[in-house]
Amino acid sequence: MEDYNAKLLENYQLGQAKEKLKQNIKEKGIVIAQHNILKVDSFVNHQVDPLLAQQIGLEFAKIFKEKQITKVLTIEASGITFALMTSLYLNVPTIFAKKTKPLTMSATTTATATNDNTTTTTTNASTSGVYTAMVKSYTKNQIYEVCVGEKYLTSDDRVLIIDDFLASGNAINGLITICDKSKAKVCGVGIVIEKLFQSGRKICKEKEIPLESLIVIEKFENGGVVFKE
């Protein structure tokens, strides 16, 4: 299977995902101008076109294949599809930051005491064992404390961050913060759709992190999308 995926990546021609994505946006995308939102839930972030997702994964893998990536990092939920497909062709694991910390991500310590033939076991949970960052969702207008388990991200890792949208950059900034806490190196950011008229791009520029966006939207105009060519 690894040989098959490597062959697909070798033969993939850059730009195929961009053209298919642009076509889908023109035909199926809905602009909600008052909120500066492009609705693409019929093929990107609710219902997903698997062939498009595969091409997007190949596109990012081809772009970043020389960066010696060891982990692909995203945030739940919409980025997972594209991060996973990218990981498949880079042959590395996907990590997704969780928006709520389950009990299984808490570090636990267990103490056992025996007294008068009675054994008592006490388990205490703590907040250690995870890296966290605060992230505000642009579309949901909610703030989340996102988290990644410490054991999955280390100072030896070279990380590629993938997400479906780049708008204000809150999600990307949160993921970079998590990488900084783990001492992992962020080697690149891959975005499916970027809204250039918002401020997200400057986060990568200020931190000198390579940014590759498959689609860059210059503005919304007359109910449609103006692409940056």
Side-chain angles (χ1 to χ4, degrees), residues 2 5-6 8-22 44-45 52-97 131 133 135 138 146 148 152-196 198-217 227-229:
E2 288 182 16
N5 290 334
L8 282 178
L9 183 59
E10 181 184 346
N11 293 332
Y12 180 77
Q13 297 297 313
L14 282 172
Q16 294 178 65
K18 293 182 181 182
E19 289 306 312
K20 186 169 183 179
L21 189 55
K22 184 183 288 188
V44 168
N45 53 15
L52 175 60
Q54 181 191 34
Q55 285 190 325
I56 287 171
L58 283 163
E59 190 90 14
F60 284 136
K62 191 92 169 185
I63 291 169
F64 292 103
K65 69 175 184 175
E66 303 302 331
K67 295 288 187 180
Q68 291 84 50
I69 302 300
T70 62
K71 301 281 174 65
V72 175
L73 177 65
T74 190
I75 189 169
E76 65 175 355
S78 300
I80 294 175
T81 299
F82 308 107
L84 188 61
M85 296 307 294
T86 304
S87 289
L88 178 65
Y89 296 111
L90 289 175
N91 194 30
V92 298
T94 300
I95 305 171
F96 64 89
Y131 300 116
V135 170
Y138 180 81
V146 301
V148 169
Y152 298 123
L153 205 54
T154 74
S155 58
D156 294 327
D157 282 315
R158 296 175 59 83
V159 177
L160 172 60
I161 294 174
I162 296 290
D163 207 2
D164 60 335
F165 268 92
L166 179 60
S168 59
N170 285 308
I172 295 302
N173 193 48
L175 294 175
I176 292 171
T177 297
I178 284 174
C179 289
D180 288 345
K181 289 181 177 180
S182 73
K183 303 295 191 290
K185 179 176 177 58
V186 180
C187 297
V189 173
I191 299 295
V192 179
I193 301 171
E194 177 189 354
K195 292 186 280 183
L196 189 61
Q198 293 182 269
S199 59
R201 170 172 283 263
K202 72 177 184 180
I203 292 170
C204 293
K205 185 176 181 180
E206 289 171 357
K207 296 179 181 291
E208 298 183 340
I209 298 171
L211 169 66
E212 292 286 345
S213 300
L214 301 190
I215 293 294
V216 179
I217 296 172
F227 299 97
K228 186 178 187 304
E229 302 297 341

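Keep in mind that the numbers below use all heavy atoms, side chains included, and drop hydrogens, waters and symmetry copies. This one's a predicted model, so the numbers in the text were calculated from it and none came from an experiment.
Panel note: side chain Thr86, backbone Ala61; no donor-acceptor pair is recorded below 3.5 Å. With hydrogens and angles ignored, the 3.5 Å screen pairs no side-chain donor or acceptor of Lys181 with any backbone N or O of Ile176. Looking only at distances, a side-chain donor or acceptor of Arg158 sits under 3.5 Å from a matching main-chain atom of Lys67.
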Per-pair distances, 0.1 Å, donor-acceptor, side chain in residues 200-212, under 3.5 Å, sequence neighbours excluded:
{"unit_1": "Arg201", "atom_1": "NE", "unit_2": "Glu194", "atom_2": "OE2", "d": "2.8"}
{"unit_1": "Arg201", "atom_1": "NH2", "unit_2": "Glu194", "atom_2": "OE1", "d": "2.9"}

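A donor atom on one side chain and an acceptor atom on the other are found under 3.5 Å apart for Tyr89 and Gln54.
Of all non-hydrogen atoms in Glu59 and Gly15, the two that sit nearest each other are OE2-N, 2.8 Å. In terms of heavy-atom proximity, Val135 sits nearest to Ala171 at CG1-CA, 3.7 Å. The two residues Val159 and Ala184 come nearest to each other via the heavy atoms CG2-CB, 3.9 Å. The minimum heavy-atom distance between Leu88 and Asn5, with the atom names listed, is CD1-ND2, 3.4 Å. Scanning all heavy atoms of the two residues, the minimum distance from Leu160 to Gly190 falls at CD1-N, 4.2 Å. Closest heavy-atom contact between Ala133 and Gly174: CB-O, 3.4 Å.
Counting heavy atoms from C-beta on, the side chains of Leu9 and Leu58 come closer than 4.5 Å. Val44 has its side chain within reach of Phe82: a pair of non-hydrogen atoms, C-beta onward, lies under 4.5 Å apart. With contacts defined as side-chain heavy-atom distances shorter than 4.5 Å, the pair Thr81/Ile56 does not qualify. With a 4.5 Å cut-off on side-chain heavy atoms, Tyr131 and Asp180 do not count as touching. Looking at Thr70 and Asp156, their side chains never come closer than 4.5 Å, going by heavy atoms from C-beta outward.
Atom-to-atom distance recorded for Ile95:CD1 and Leu153:CG is 5.0 Å, nearest 0.5 angstrom. Phe227 contributes atom CZ, which lies 6.0 Å from atom CD1 of Ile217 (distance to the nearest 0.5 angstrom). From Lys18, atom NZ reaches atom CD1 of Ile215 across 8.0 Å, with rounding to the nearest 0.5 Å. One distance of note links OG1 of Thr94 with CE of Met85; it measures 10.0 Å at 0.5 Å rounding. Here Ile80 contributes atom CD1 and Asp163 contributes atom CG; the two are 10.0 Å apart, rounded to the nearest 0.5 Å. Here Thr154 contributes atom OG1 and Lys183 contributes atom NZ; the two are 12.0 Å apart, rounded to the nearest 0.5 Å.
Note on Glu10 versus Lys65: no salt bridge recorded, every NZ/NE/NH1/NH2 to OD/OE distance being 4.0 Å or above.
Partner Phe60 forms a side-chain contact (heavy atoms from CB on, under 4.5 Å) with one of Ile162, Ile69, Val72 and no other, that one being Ile162.
Around NZ of Lys185, the count of heavy atoms belonging to other residues, nucleotides or ligands within 6.0 Å does not exceed 12. Open room surrounds OH on Tyr152; 12 or fewer heavy atoms of other groups in view lie less than 6.0 Å from it.
Remark: Lys71 pairs with Asp157 by the salt bridge (Lys or Arg N to Asp or Glu O under 4.0 Å) rule, at least two apart or across chains.
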